[in-house]
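Worksheet: one structure, shown below.
What you see is a predicted model, and the numbers here were worked out from it, not measured in a lab. Along the sequence shown, residues are numbered consecutively beginning with 1.
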Amino acid sequence: EANRLHAHLRGHEGYVHHVVFTGDGSTLITAGDRGHVVVWDVEAKRARHWLDAPNGTTVDFVLTADERHLVVLHIDGTARCWAMASGEEVTSWRVTEREPTALVRLGPDHVVTSDKSGEVILWSATTGQRKHTLASHGSHTHLVSHPRNHRHVLTVTADGRVALFEAGQAERLWSFGPSELEDPGRHWNHTIHAAIDPLGRHVVLAWPEDTPPRQNKDPSRPRSNGWAEVRSVVDGKVLKEVPAKLRGFAQVRYAQNGGRLVLVEQGRANTTGCPVHLMRTSDLTVTSRRSPLNNPYLHAISPSGARLVLSPGRQSYEATIFDAETHEAEHDLRGHDYEVSNAIYSSDGAFLATVSHDRSVRIWHVRVPEERVAVEALGRSGWLPVAWSRDGERCIIRMPKDSPERPRIVDTRDGRILGELPLSSEQFTAAVFTRSPGRVLAAASAGRLITYDYDVNRTIKSVRMERGADAPVPEVFPDALSPD
């Protein structure tokens with residue numbers, strides 16, 4: 001069953017760039033240069049909704065936390081909110097008079113947009129109400145977030161300035177520019193590649209190869225090969241620096257479980273193999289290997305970080321699944337008639353979707369033993385991973401919201417069920433693994449917080465933050481936990 005084509009979907013009018021699975025892997029959403037945003041039924045292999053995009057290219061789209069709404073940003077500066085169940089438009093609004101550059105989610109029901117003038121604005125995702133302006137950078141600004149971490153958003157400008165913002169706060173947590181660094185002359189090339197840890201601990205910033213500008217007064221200064229920095233989310237301090245071996249970094253990306261960070265260097269002409277660095281995020285240790293590809297382009301990382309989907313350059317018609325540790329090729333994803341533009345894994349590792357400039361979408365069965373444990377070892381489908389331990393060896397899974405099944409803690413190495421949370425999947429809202437061995441902090445509806453010990457299979461404490469039917473649903477964040 002593994003590594004076979006599940007569906008070949010057609011219907012887009014232009015190049016397809018954007019692709020995302022819903023949390024349970026049952027729905028795929030794609031968009032591109034022209035025409036509609038398409039909501040696909042993965043199992044039925046057909047389009048469920050064609051969302052109108054009369055104003056041309058889709059810049060990006062995001063789902064709200066409950067996945068009931070989809071917000072789409074268009075190149076003409078407008079945004080639209082759609083109901084996922086019915087495919088009907090809920091609201092639309094104008095984001096900017098300038099060309100928009102990015103759209104990300106921040107918090108459960110807000111989105112952030114940026115444009116070429118540097119305006120970064122927070123909006124209500126479902127009403128389009130403008131909340132406040134986060135920043136006015138004055139130059140082309142891009143936004144960086146992670147699908148599993150909606151607490152933080154990073155702004156990166158064309159002139160090399162970086163700022164980090166947090167949900168619920170109008171002020172930035174920290175920021176810096178080239179002139180504020182210890183060695184500002186080192187940042188000749190202001191191109192910055194960035195990624196945010198899904199567990200909210202740190203961000204990574206990476207620079208490509210630097211060449212001094214002609215007006216530089218010190219032409220004898222040695223040329224830098226580029227480097228990457230892992231910085232603390234709390235204060236922006238550098239926790240780890242990774243020097244590049246060839247020409248600096250072209251891509252940085254975290255695995256969905258937050259256990260691994262992948263840094264891909266730029267290739268160099270007439271050089272065999274290109275360095276790919278794997279960082280274990282629990283202790284920031286780095287291992288490096290040369291990819292068999294001279295100029296690898298990273299499309300996707302499997303949820304556990306065990307596999308990489310790479311192409312030999314950005315304009316390749318095919319992609320290949322590689323073992324992340326050994327860089328051995330496992331399967332070629334062939335069949336697109338034009339370059340592969342993007343790829344994504346479903347959160348349970350069951351499917352991989354590739355999209356292309358040939359206007360089509362291909363969905364592949366790519367389950368492998370260590371990535372399907374949380375679903376198949378239980379002898380049933382439909383379970384959704386919702387939280388991972390810091391070492392990636394344990395996972396909390398739940399059924400869809402209308403299920404009476406209890407969320408479970410699973411050992412991802414062998415599929416053993418370690419315990420069940422004392423609430424139904426319908427009541428469950430969020431959870432994190434604490435730093436105390438064997439304990440989970442879970443949030444439930446009606447303002448409940450539960451501390452559960454799966455080593456002894458019992459509830460340690462259950463409290464209500466507020467009473468009443470309208471009590472708010474609490475959110476929990478891994479990086480907000482004390483060491484004990």
Can you find a side-chain donor-acceptor pair between [X] and [Y] that sits under 3.5 Å?
X    : Y    : value
H357 : S341 : no
R48  : T27  : yes
W93  : T78  : no
D33  : H17  : yes
T157 : H140 : no
T30  : W40  : yes
T155 : T141 : no
D332 : T320 : yes

Inset, instruction - Using a strict 4.0 Å threshold on nitrogen-to-oxygen distance, state whether R151 and E166 make a salt bridge. - result: yes
Whether the side chain of [X] engages the backbone of [Y] through a donor-acceptor N/O pair (distance < 3.5 Å, no angle test) should be reported.
X    : Y    : value
S302 : A306 : yes
E67  : G23  : yes
Q251 : L298 : yes
H49  : M84  : yes

Inset, instruction - Could you tell me which residues satisfy side-chain contact (heavy atoms from CB on, under 4.5 Å) with A135, sequence neighbours excluded, listed by chain and number? - result: V120, H137, F165, R172
Inset, instruction - Could I get the full list of side-chain contact (heavy atoms from CB on, under 4.5 Å) partners for H6, not counting sequence neighbours? - result: V42, K45, F351, I363, H365
Legend entry - From R289, R307, R260, residue fulfilling salt bridge (Lys or Arg N to Asp or Glu O under 4.0 Å) relative to E325: R260
Legend entry - is_close_aromatic(Y297, H299), centroid dist under 6.0 Å: yes
